[in-house]
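A note on names: the letters A, B, ... follow the listed sequences, proteins ahead of strands, and every chain is numbered from 1.
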Amino acid sequence: MARTTKYFARNLAHKDEVAAELEVESLGQGRYAVTLEGHTFELESLVLPHGAVSMIVEGQSFSVEFDEKGDEVGVLLRGQLTRFDVADERKLRLRAATEGFTVEGKQTVVAPMPGKIVKVFVKVGDVVTEGQGLVVVEAMKMENELKSPKAGTVTQIVTREGATVENGAPLVVVE
Amino acid sequence: MARTTKYFARNLAHKDEVAAELEVESLGQGRYAVTLEGHTFELESLVLPHGAVSMIVEGQSFSVEFDEKGDEVGVLLRGQLTRFDVADERKLRLRAATEGFTVEGKQTVVAPMPGKIVKVFVKVGDVVTEGQGLVVVEAMKMENELKSPKAGTVTQIVTREGATVENGAPLVVVE
Amino acid sequence: MARIKKVLVANRGEIAIRVMRTCKELGLSTVAVYSEADRSALHTRFADEAYCVGPAASRESYLVADNILDAARKSGADAIHPGYGFLSENAKFVRACEKAGITFIGPPASAMDAMGEKTQARTNMIKAGVPVVPGNAAPFVDVDEAKAYAQKIGFPVMLKAAGGGGGKGMRRIDRMEDLDGAWRTARSEAMSAFGNDAVYMEKFLDQPHHVEIQVFGDTHGNVIHLNERECSAQRRNQKVVEETPSPILTPEMRAAMGEVAVKAAKAVGYVGAGTVEFLVDAKRNFYFLEMNTRLQVEHPVTEWVTGIDLVAWQLHVAQGGVLPMLEPIAPRGHAIEVRVYAEDPSTNFMPSPGTISYVRVPSGPGVRDDSAVYAGYRVPNFYDPMLSKLSVWAPTRMEAILKMRRALDEYVLTGITTNLRYLKQIVLHPEFVKGDYDTGFLPREHKTLLGEEDKALARVSMIAAAMRAHQRAEKQQATIATAQKPGGSSHSAWRSAGRRTGSWKKGA
Amino acid sequence: MARIKKVLVANRGEIAIRVMRTCKELGLSTVAVYSEADRSALHTRFADEAYCVGPAASRESYLVADNILDAARKSGADAIHPGYGFLSENAKFVRACEKAGITFIGPPASAMDAMGEKTQARTNMIKAGVPVVPGNAAPFVDVDEAKAYAQKIGFPVMLKAAGGGGGKGMRRIDRMEDLDGAWRTARSEAMSAFGNDAVYMEKFLDQPHHVEIQVFGDTHGNVIHLNERECSAQRRNQKVVEETPSPILTPEMRAAMGEVAVKAAKAVGYVGAGTVEFLVDAKRNFYFLEMNTRLQVEHPVTEWVTGIDLVAWQLHVAQGGVLPMLEPIAPRGHAIEVRVYAEDPSTNFMPSPGTISYVRVPSGPGVRDDSAVYAGYRVPNFYDPMLSKLSVWAPTRMEAILKMRRALDEYVLTGITTNLRYLKQIVLHPEFVKGDYDTGFLPREHKTLLGEEDKALARVSMIAAAMRAHQRAEKQQATIATAQKPGGSSHSAWRSAGRRTGSWKKGA
């Protein structure tokens, strides 16, 4: 592996922005040179026992916590959480190859947290409006109504009242 | 391995006491029955993420921290640290076999903590009295004079002024 | 009354810890109860004794009076402190404790009866000459009755649980179309929180202030007030930030509200710690809202400015002691509390249970953290998502605000989503800083409070993200290198590593 | 004077954090300096900026004025807070800051000169009419002079560093035979702590109380005192427990000592936070001991009972501000501080550096923790072994003692040996509880304070130890079982596991 690698990072909060290009060079002993938009930042990093990283960039001291899920990296820094999609060139190519699988038009409502399904208001075939309540999830003594993200028809219900669901579990499909 | 095992534990603070015999039986799901002096305690244990153990013994709740070095187990419980030598029968036999290696009469003064040797007062061949200063170790801005544990002759000096030593490093041998 | 020696705390999490701390200071033994989901909770480990009272769902554990009393009997506890929520305002439970010969640390059942059912309480207060918010006199029998009543008093209205407070089972309704949905969720929430799904309705006052008075009574007929708390910063009808003194109160208003609160408490023969909640309108008229017949979540701010340990007073009064002071006490300095929740403010405060990977709480001068979290703790999804009550004290309000900013900056709690940043946005918002914010503040300013992205930090974050990706790649590379060394690892590991190396080379 | 915007804290560990906390509240940027051994220290990560100032040894990093000033220049800091220890009482450094145009947050160099060299300070105080402990007027030229002087004033005597205080370079000597050894270690310790190995001698007062007065001066000639701190609980001549008010002081004595302390500070043109230390004998006569021209370790107890942030006052005064109050302030309630050390009380307080495996600090009402530790932190063996200053406040002294017991019980800090249990023994010792303890208290009661084994706990501990051994064996067994399964692990692992299984079978 070369000591310098090119990465592409996209701030997930900015939907329409193109990915920025960053070049990372290892200088050894936790030191890196990162080039972004023509400016090279020298940074020194120290991985802390609990996995966070202390980073000193041009004198500025940052304690950084990472929340990683695949190529998505959440960076918690001075109280601000920013999520990025980070990939090197190889991964970008891999993604291009599998891109065809994403289906347009179909929207899956997923459980936003682990909890219990206390109500399902719709059944397969129902026509729903945008914002119409579909299911109610109870978690931590709060009931949360999940609404339809779009107008359409319910094509699939993959849960039932009383079910315990994990974070991200698909519940209802609207097409 | 049988679900019940016999252990021998000796409280290291009580030098002359014989080891107590304990029988431990696994009841599954973190539950154990421990028999000591005819009484069987039912206990339920939960290993916490940082390695400590929450233990509920007959309704009493204890948070227990362990400090393990081989067969020596330090148990920190409600602020009291008690050190035990714990072994099962197999280990007891092993020890009996190697016991011959311990050498009597010779005393090695070791570094009680990591630090720097700032003074060595004696040289090989010196006759020293019990309590006579041998070396000074500096650690955490405090100087600590290490004294001879017995009257005798210095037979070996395995450090020098300015040396950085680790915890437990042998420094001077008095015979 | 007999001297209390062992206290069972019929609650969980931070309030259980809070109560046990005072018990420990007073030399009392402590008994925890825990549900199966709370075996690893801090309160279970913090107590001297701990007994399991049932499965995760509170209806099957913390709300089952018999299970709690069983634990009390098993442990030999001579008193029960209910904390807040769960059985704390359940008069039946108080009577059951009495019958079992166990001291209930709280008001007598009769006072709870008089205040617990919210519509009855309103009637009692009107009788005592206390001003109340317009609303109906008894819970609705069905949704149609509710609809008719709403039609009568006009929208917006508040649908509220008759069985208890604390924002549970409470819904603001602006249009008739929303009443069905609100009726459904409010009742179901009320049932799960209080075991009682009765609801009633109040006229929604337009952006009032929520100001409450802490009262304290003893068994000798003395009742005093310990000043107010400003609790207008609410999201989803639940308090998020509280402070004392209230920035909108004059000494005259404090005295007047204090007097009414004491009158209300005396009218029901109140004993122990209680809170009389008022709504204050734009003209500074105040109306009785409800009385919480228990210790309040936000009690620490009162403790900061009075120097009183309210739990110690509760124990003192429960043993027949006379109130240690009988005159109102002037507040010293200023205190603010924020509630740190496991929730995501950007998705309508969706709870975010999960495993806390790391926590470092703020401390230093004037900072208090009441929490029950630890690194590695899995926040269960069965209970209230509050993680910590963080409170600060300083000589002046502005200094307290700046101290809170510092404390929030210092709070490290990772692994789950929290509202820490949102809380910081609240206390630094010009409206909060100015001090004249009403209950409409948080909903109105929601977008601003979510906070804009700090571009400079986002830029550094991106650099960090790239560095992290590189570090991971390096680590992977190092593993591969080890695997390739003779004696490193097995053949099959080497093979898959080789595959990976090949790809990397192409990519680089 | 110019407004301060960025503060470099020329210190490490908890005091660096303490100072930065106030800076952050005031909206000032913070700059940390760190030695190579402190890259992972919390203060390095806590600051907005951080600069390495040299290798681990303080003489090559924290004590090198040029390196500190370089970091100040690089960062653009306009002020330096020295904390305590290191360069905090170094007049040369103060002058160097002045020359560099950087505000030194502390007294003027002239006041330091007048008080810093301890023998000179004594002479100055005698001139100002302040009572002092009998002792010599200038540092000794050699050990023979020291011996002669000791002969003259009679044993016991105290050999003390002329260059600074804080228990460093200080030795009590009871017999002529011990003087050589004490001379050697005291001078070497003094050199390493203050860069100055000059020592002098004082008559050792028989078990006096150590009571100190906090003073504060501004650049407008105002000096006030902020009451006393009782610091008689000392081990190895270093304070371990401090409290305020002092249980032995009457209001009259407080006023008299406060007046003398203000006189002493005024005599040297004092500005900023300072402490005038006194010895109080059995007849309650008090003698000037020394003045510490800096913030004191035990300042939190004063902050608790006065509500003042002393660091905020330091910054205020450093910018030319007038003292916010000019009259003495009556203490409110009672505060106690204990110093949590990485040391083993049972081996003469041998330092015990190492890696902290877990830490959970106490909190809740009336508890403050000033520390710089975290789980996984490796306490380096180059610096003072203090881990935390734990302080509590309560309305009365007895309540404060009980609160401290609770807080110490709650403090979890594992992986290294600490004095937590010893501290608890101190505050619960009848002599401490009674309140009349002198500097002989800890040495005299050393054995008692180490604490007897609680037999019941030792018994449970033994059960836990056996359970642990069994758990380990089970785990080993499980690993073996996995290894034996097809596809579990490689052949060689299986073989060694098989050997182990055989032995276990025999043992069971």
Please examine the side chains of B:Phe121 and D:Arg184, heavy atoms only from C-beta on, and report whether any two atoms are closer than 4.5 Å. yes
Using a distance-only test with no angle check, is there a side-chain donor-acceptor pair under 3.5 angstrom linking B:Tyr32 and D:His470? no
Under 3.5 Å donor-acceptor, B:Gln80 side chain and D:Asp454 backbone: yes
For each of B:Lys119, B:Glu68, B:Gln60, B:Arg78, tally heavy-atom pairs with chain D at distances under 4.5 Å, and name the one with the top tally. B:Glu68
Rounded distance [0.5 Å steps], CZ in D:Arg421 versus CG in B:Leu76: 10.0 Å
Looking at D:Thr418, D:Asn348, D:Thr417, D:Ile463, which makes the most heavy-atom pairs under 4.5 Å with chain B? D:Ile463
Toward chain B, the part of D:Thr347 with a non-hydrogen atom under 4.5 Å: neither
Heavy-atom pairs under 4.5 Å with chain B are the metric here; pick the option from D:Gln471, D:Lys424, D:Arg468, D:Met467 that has the most. D:Arg468
At a heavy-atom separation under 4.5 Å, does D:Glu452 approach chain B through its side chain, its backbone, both, or neither? backbone
So which part of D:Val460 gets closer than 4.5 Å to some heavy atom of chain B, the side chain, the backbone, both or neither? both
So for D:Leu457, is it side chain, backbone, both, or neither that comes closer than 4.5 Å to the heavy atoms of chain B? both
Could you pull out all donor-acceptor pairs under 3.5 Å where a side-chain atom in residues 154-166 of chain B meets a protein atom, sequence neighbours excluded?
residue	atom	partner	partner atom	Å
B:Thr155	OG1	B:Val173	O	3.4
B:Thr155	OG1	B:Glu175	OE1	3.2
B:Glu161	OE2	B:Val120	N	3.0

Can you name the residues of residues 349-360 of chain D that have some heavy atom under 4.5 Å away from a heavy atom in chain B? D:Met350, D:Pro351, D:Ser352, D:Pro353, D:Tyr358
If we only count heavy atoms from C-beta on, is the B:Glu138 to D:Asn381 side-chain gap below 4.5 Å? no
With a 4.5 angstrom heavy-atom cut-off, could you sort out which part of D:Glu410 is near chain B: side chain, backbone, both or neither? neither
Are any of the side-chain heavy atoms of B:Thr82 and D:Met462 separated by less than 4.5 Å? no
Would you give the length of the straight line joining atom CG of B:Asp67 to atom CD1 of D:Ile416, rounded to the nearest 0.5 angstrom? 11.5 Å
Roughly how far apart are B:Asp88 CG and D:Arg472 CZ, rounded to 0.5 Å? 10.5 Å
Scored by heavy-atom pairs under 4.5 Å with chain D, the best of B:Leu77, B:Val47, B:Val73 is B:Leu77
Under the rule for ring pair (Phe, Tyr, Trp, His ring centres under 6.0 Å), what residues qualify as partners of B:Phe66, not counting sequence neighbours? none
Taken in chain and number order and not counting sequence neighbours, the residues that satisfy side chain to side chain contact (heavy atoms under 4.5 Å, CB included) with B:Gln132 are B:Val122, B:Val128, B:Thr129
